[in-house]
Amino acid sequence: MNSVIQKANRIIIKVGSSLVTNDGRGLDHAAIARWAAQIAGLRALGKQVVLVSSGAIAEGMLRLGFERRPTDIHELQACAAVGQMGLAQIYETSFRAHGLGTAQVLLTHADLADRERYLNARSTLTTLLRFGVVPIINENDTVVTDEIKFGDNDTLGALVANLIEADALIILTDQHGLYSADPRKDPDAKLIQQGRAGDPALEAMAGGAGSDIGRGGMLTKILAAKRAAKSGAHTIIAWGRDSDVLARLAQGEAIGTELTAQTGHLTARKQWMADHLHTVGQVVLDAGAVQKLTLEGKSLLPIGVVDVKGEFGRGAVITCVGEDGRAVARGLSNYTSAEARRIMRKPSAEIEAILGFLEGPELVHRDNMVLL
Ligand SMILES: Nc1ncnc2c1ncn2[C@@H]1O[C@H](COP(=O)(O)OP(=O)(O)O)[C@@H](O)[C@H]1O
Ligand SMILES: N[C@@H](CCC(=O)OP(=O)(O)O)C(=O)O
């Protein structure tokens with residue numbers, strides 16, 4: 001038994017190019033229909049699911065008549081743009097058959113490195129999930145060059161797990177999981193059923209991609225598990241051609257390789273905030289706001305702020321201090337320091353009239369805050 005997926009509420013599922021495009025022969029309609037059916041099953045169990053799908057370049061190559069993967073970056077980008085249309089179309093049709101809507105989300109590294117775009121991506125994804133839609137994510141290959149690429153969708157899957165604090169990352173691939181060596185090269189390789197995400201011994205077992213279709217190979221999956229674990233997400237690597245793979249995992253069956261995260265969400269988040277020792281800004285809270293945060297677990301509203309110190313942008317990590325100067329919390333600011341100064345001491349209902357827009361009624365949302 002393995003209860004990781006059974007217990008998970010929010011799950012990221014990543015499907016690799018070889019699976020999606022039937023080893024480069026073209027979109028695998030039957031496989032995609034099976035994943036859609038199984039994801040609908042997960043949704044019926046109350047789970048939120050985000051799909052990270054590769055395959056745009058492989059499908060685009062086919063549609064544009066390339067026999068070999070082009071080396072010219074712009075030709076690759078053109079392939080991705082063409083192939084992505086196919087992905088969007090087949091996912092929309094396949095999920096529609098189960099009464100589920102889909103949304104296309106194309107991300108780049110720069111989107112997640114920038115605090116403001118990071119928060120926007122996070123809010124859009126969580127809003128889509130709240131609407132019951134299945135977000136389908138891929139890298140925005142059209143606008144990225146080598147230095148600013150995620151590089152592979154295993155990494156992208158892990159970053160999305162961090163972004164929305166998923167409980168689990170399922171990486172579906174063309175092998176049954178991580179083997180002690182690349183099974184394409186070593187017939188005696190054994191399946192590793194369980195491990196600790198971040199264990200360097202696993203990295204030594206994992207090799208590169210065994211085919212021209214996939215990019216990352218097993219190593220990027222192991223590194224993705226390590227990254228996902230930073231926000232408390234467990235990773236399962238499993239065989240995507242098993243027609244019931246997701247349903248079996250949801251029933252608690254131990255299949256594939258499970259790489260467990262050693263820290264829970266909260267510890268990971270606290271750790272992340274704790275890493276931001278040098279916060280650029282401070283907001284001073286009145287006694288009522290300190291009480292709301294520390295005793296009632298509420299968000300910080302501008303009305304409880306009496307002073308704003310330092311200059312910071314939207315999405316910056318700021319420290320919340322009491323009037324006695326004691327730090328009580330740290331969190332991501334929804335507004336810049338200049339905006340915060342204009343809305344402090346004001347009820348949230350007035351924010352829009354004062355600033356001309358509303359990012360949210362809170363200065364720091366509870367979900368983006370850690371008490372110190
Ligand atoms: N230790 C290992 N265990 C399993 N597969 C491995 C290992 N080392 C390398 N591989 C290779 O990684 C491939 C999967 O990665 P990749 O081709 O990038 O797939 P995907 O398109 O699903 O991301 C496998 O087909 C296999 O040849
Ligand atoms: N954005 C690329 C994904 C490349 C990639 O990471 O592929 P894979 O190793 O098969 O997950 C595409 O859609 O073709």
Side-chain angles (χ1 to χ4, degrees), residues 12-24 27-28 31 35 51-64 66 69-70 73 75-88 90-91 104-109 136-144 146 149-160 169-193 195 201-225 235 237-241 245 256-257 259:
I12 314 295
I13 300 172
K14 184 259 169 175
V15 284
S17 309
S18 43
L19 290 179
V20 173
T21 66
N22 209 346
D23 289 322
L27 290 173
D28 190 337
W35 298 325
L51 186 65
V52 174
S53 174
S54 304
I57 294 179
E59 176 63 13
M61 277 166 54
L62 196 75
R63 292 186 178 201
L64 289 172
F66 282 98
R69 191 180 165 91
I73 180 86
E75 289 185 0
L76 278 172
Q77 289 174 314
C79 288
V82 169
Q84 188 64 34
M85 296 300 280
L87 293 188
I90 189 163
Y91 282 123
Q104 172 166 271
V105 180
L106 300 178
L107 291 172
T108 65
H109 205 283
I136 315 275
I137 302 187
N138 198 355
E139 182 158 23
N140 193 354
D141 291 302
T142 322
V143 295
V144 288
D146 270 357
K149 264 184 156 221
F150 292 114
D152 64 87
N153 276 358
D154 299 321
T155 308
L156 177 58
L159 287 165
V160 173
L169 167 66
I170 302 176
I171 300 182
L172 296 181
T173 184
D174 60 356
Q175 299 289 342
H176 286 262
L178 169 71
Y179 284 78
S180 51
D182 186 345
R184 289 191 202 234
K185 296 181 185 143
D186 181 352
D188 296 327
K190 302 260 170 334
L191 179 70
I192 311 290
Q193 288 183 294
L202 303 172
E203 289 167 37
M205 298 176 192
S211 69
D212 291 344
I213 308 291
R215 296 316 296 153
M218 207 35 78
L219 183 59
T220 52
K221 296 178 187 21
I222 300 304
L223 295 175
T235 296
I237 305 171
W239 191 46
R241 295 206 165 98
V245 59
T257 300
L259 301 173

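Residues take their numbers from the sequence shown, with the count starting at 1. For ligands, and for the atoms within them, numbers begin at 1 and follow the listed sequence. None of the values given here were measured: they were computed from a predicted structure.
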Which atom pair, heavy atoms only, marks the closest approach of [X] to [Y]?
X	Y	result
Ala225	Leu259	CB-CD1, 3.6 Å
Glu75	Pro70	OE1-CB, 3.5 Å
Ser18	Arg241	O-NH2, 3.4 Å
Tyr179	Ala189	CD2-O, 3.6 Å
Ile12	Gly157	CG2-O, 4.0 Å
Ile237	Ile222	CD1-CD1, 4.1 Å

Report task. Please determine, by modelled atom types, if Gln104 and Gln84 share a side-chain donor-acceptor pair under 3.5 angstrom. Result ->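 Looking only at side-chain atoms, Gln84 and Gln104 do form a donor-acceptor pair, the distance falling under 3.5 Å.
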
Under 4.0 Å from any heavy atom of [X], which atoms of ligand 2 are there?
X	value
Ser54	3 (C), 5 (C), 6 (O), 7 (O), 8 (P), 10 (O), 11 (O), 13 (O)
Gly55	12 (C), 13 (O), 14 (O)
Ile57	12 (C), 13 (O), 14 (O)
Gly16	10 (O), 11 (O)
Asn138	1 (N), 2 (C), 12 (C), 13 (O)

Query - Contact with ligand 2 for Ala80, non-hydrogen, under 4.0 angstrom - result: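 Flag not set, Ala80 not near ligand 2.
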
Report task. Report yes or no: does a heavy atom of Lys14 sit under 4.0 Å from some atom of ligand 2? Result ->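 So Lys14 counts as touching ligand 2.
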
Ignoring hydrogens and angles, tell me if any N or O in the side chain of [X] forms a donor-acceptor pair with the backbone of [Y] under 3.5 Å.
X	Y	result
Thr257	Leu178	yes
Trp35	Gly240	yes
Gln77	Thr142	yes

Suppose I only count heavy atoms of [X] and a 4.0 Å limit; which atoms of ligand 1 are within that range?
X	value
Ser17	21 (O)
Gly16	20 (P), 21 (O), 22 (O)
Gly217	12 (O), 15 (O), 16 (P), 18 (O)
Met205	1 (N)
Ala206	1 (N), 8 (N)

When you measure from [atom] to each heavy atom in [options], which option holds the nearest one?
atom	options	answer
atom 2 (C) of ligand 2	Asp141, Ile137, Asp152	Asp141
atom 14 (C) of ligand 1	Asp174, Leu178, Asp186	Asp174
atom 26 (C) of ligand 1	Asp182, Leu219, Val20	Asp182

Would you say [X] and ligand 2 have an N/O pair spaced under 3.5 Å apart?
X	answer
Ser53	no
Val15	no
Asp154	no

Query raised in the report: Taking C-beta and beyond as the side chain, do Ser54 and Val15 meet within less than 4.5 Å on heavy atoms?
Result: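 Not in contact.
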
Query raised in the report: Any side-chain heavy atom of Thr173 within less than 4.5 Å of one from Trp239?
Result: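 Answer no - side chains too far apart.
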
Report task. In sequence, state the C-alpha distance, the side-chain angles, and the governing distance for Glu139 and His109, and then conclude on side chain to side chain contact (heavy atoms under 4.5 Å, CB included). Result -> CA-CA 8 Å; Glu139 182 158 23; His109 205 283; 5.6 Å; no

Query - Ion pair check, Lys221 and Asp174, cut-off under 4.0 Å - result: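 Salt bridge absent between Lys221 and Asp174.
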
Give yes or no for whether the N/O distance cutoff of 3.5 Å, strictly under, is met between [X] and ligand 1.
X	value
Ser180	no
Pro183	no
Thr173	yes

**Report entry** Residue from Asp154, Asn153, Asp152 passing side chain to side chain donor-acceptor pair (under 3.5 Å) with Lys14
**Finding:**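 Exactly one candidate clears the test, Asp154.
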
Residue portion contacting ligand 1 (non-hydrogen atoms closer than 4.0 Å) for [X]:
X	result
Lys14	side chain
Ser18	both
Met218	both

Query raised in the report: Is there a heavy atom in Gly240 that sits closer than 4.0 Å to ligand 1?
Result: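 Flag not set, Gly240 not near ligand 1.
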
